[in-house]
Amino acid sequence: MSTTTLTTSPGSEPTATGRTERPRVFAITSGKGGVGKTMLAANLAAALARRGERVLVIDADLGLANLDVVLNLQPRRTLHDVFTGQGTLDQALLTAPGDFQVLLAGSGLIEYSRLTPTVREQFARLIDTVRPHYNRVLIDTGAGISDVVLYAISMADEAIVIATPEPTALADAYATVKVLGMQQGRTSMMLVVNQTHRHGEGRHVAAQLQSVIDRFITLPEGGTIRLNPLGEIVSDTSVRQAVQRRQLVMLAYPGSDAAQGMSAIAMRLATLHPPAGRLPMPAGTLVTLLPVPEPVATQDASAPAPCADLPAEADLAGAAVTVTDDPR
């Protein structure tokens, strides 16, 4: 295990593509757990590093962190230590297999289960500190749409939603897309479809999900949300084998279908510009970045949910891929 320090000169530098660009932060998220979010974050970082980019992955799932398990790392200091003053950021940064940096989180930390003013400030300062030193920062969020997850996503320039073709995963992906659009003013998001059964199924899933979004979502400022399909990862036994060996698919099985799919996603991500669209934030959104003097009030149980009509719509999103013709 090795550590790294933030000795890189701040500012934009040319990448392997020869293009100079501003450091960008991506949140990799999902509505449903178990769809491969952490696997994608780690392997995508390795693929981007292979292209000559400086990449940092932050495990923002402070309650159920498992990036350390995927990478077979045993950190002496974690993000929790940095936040509590028990360690420095330089001490917590590690170099992972694949030549990218990681900032690992502790697991089972109940104090990070809700969004407090302290958690807000700590996350905001962290992103402000690390952003200038990397070409890309990937935030591996928790699953779902809790206030902590939504706040982590709000700090990213762009959101990458990962889903599988199963109806439950698609319903939850739709819910995530809707909440991010309504609460954070995001007019476009990226989509990765994991565990597809055949090549081309990801495009089909993206098209069906887009049709449900077009039908049901109208943003407060008008317009709708566009999905930008980044690619698909075909179901591949090499993924399970790599996870069991606690290795990256990109390193253990570079010629596998899954690794090729993630390489293609990294290439699209590296050449994608301009940044995704984002409308001005609606009032009351969870993205105030600097210190909040008073505790966050507990949500009134009698208050209407922000997307009260979501279940019926989400059911349609989940059913979309089952009622259309085979895309082949």
Side-chain angles (χ1 to χ4, degrees), residues 26-46 57-73 102 104-109 112-113 138-146 148-150 152-153 159-180 189-198 201-202 205-206 208-209 229-250 252-253 256-259 261-262 265 310-311 314-315 317-322:
F26 297 83
I28 300 179
T29 193
S30 65
K32 184 178 182 296
V35 297
K37 179 170 47 59
T38 298
M39 179 276 299
L40 174 66
N43 284 278
L44 187 57
V57 181
I58 300 174
D59 192 343
D61 190 353
L62 295 175
L64 297 170
N66 57 21
L67 183 61
D68 57 333
V69 177
V70 171
L71 296 172
N72 196 23
L73 294 174
V102 293
L104 301 172
S107 185
L109 302 174
Y112 297 104
S113 63
L138 307 181
I139 303 175
D140 180 19
T141 77
I145 51 176
S146 70
V148 175
V149 171
L150 291 176
I153 299 172
I160 301 174
V161 178
I162 181 168
T164 62
E166 284 68 37
T168 53
L170 290 172
D172 289 348
Y174 170 85
T176 299
V177 168
K178 180 170 184 177
V179 171
L180 292 179
M189 297 170 219
M190 302 176 191
L191 178 69
V192 172
V193 183
N194 189 25
Q195 299 176 17
T196 59
H197 302 294
R198 55 184 177 273
E201 186 178 15
V205 168
Q208 296 303 315
L209 190 55
L230 275 182
E232 65 182 3
I233 305 168
V234 176
S235 183
D236 189 339
T237 57
S238 65
V239 174
R240 177 180 293 275
Q241 293 169 359
V243 170
Q244 289 176 339
R245 294 169 56 180
R246 300 176 69 176
Q247 295 179 339
L248 295 176
V249 179
M250 294 296 302
Y253 304 100
S256 65
D257 287 343
M262 284 183 278
I265 291 170
L310 194 57
D315 287 345
V321 296
T322 66

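Just so it is clear, the structure is predicted and the values come from calculations on it, not from any experiment.
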Would you check if [X] and [Y] make a side-chain contact, meaning some heavy-atom pair closer than 4.5 Å?
X    : Y   : value
V192 : L40 : yes
N194 : V35 : no
D172 : S30 : no

If you round to the nearest 0.5 Å, how far is [atom2] of [Y] from [atom1] of [X]?
X    : Y    : atom1 : atom2 : answer
D61  : D140 : CG    : CG    : 7.0 Å
L104 : N66  : CG    : CG    : 10.5 Å
M39  : L67  : CE    : CG    : 12.5 Å
Y253 : N43  : OH    : CG    : 12.5 Å

* Would you please test I28 and L44 for side chain to side chain contact (heavy atoms under 4.5 Å, CB included) and show each step? => CA-CA 10 Å; I28 300 179; L44 187 57; 4.2 Å; yes
* Among I160, L230, L209, side chain to side chain contact (heavy atoms under 4.5 Å, CB included) partner for L191 ->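 Checked I160, L230, L209 against L191; only one passes side chain to side chain contact (heavy atoms under 4.5 Å, CB included): L209.
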* For the pair L71 and L248, evaluate side chain to side chain contact (heavy atoms under 4.5 Å, CB included) and give the outcome as yes or no after the intermediate values. => CA-CA 7 Å; L71 296 172; L248 295 176; 3.6 Å; yes
* T141: what forms a side chain to side chain donor-acceptor pair (under 3.5 Å) with it, not counting sequence neighbours? ->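 T141 satisfies side chain to side chain donor-acceptor pair (under 3.5 Å) with T29 only.
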* Using side chain to side chain donor-acceptor pair (under 3.5 Å) as the criterion, list what pairs up with R246, not counting sequence neighbours. =>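 By the side chain to side chain donor-acceptor pair (under 3.5 Å) rule, R246 matches N72.
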* Any side-chain donor-acceptor pair under 3.5 Å between T164 and E166? ->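 The answer is yes; a qualifying pair exists.
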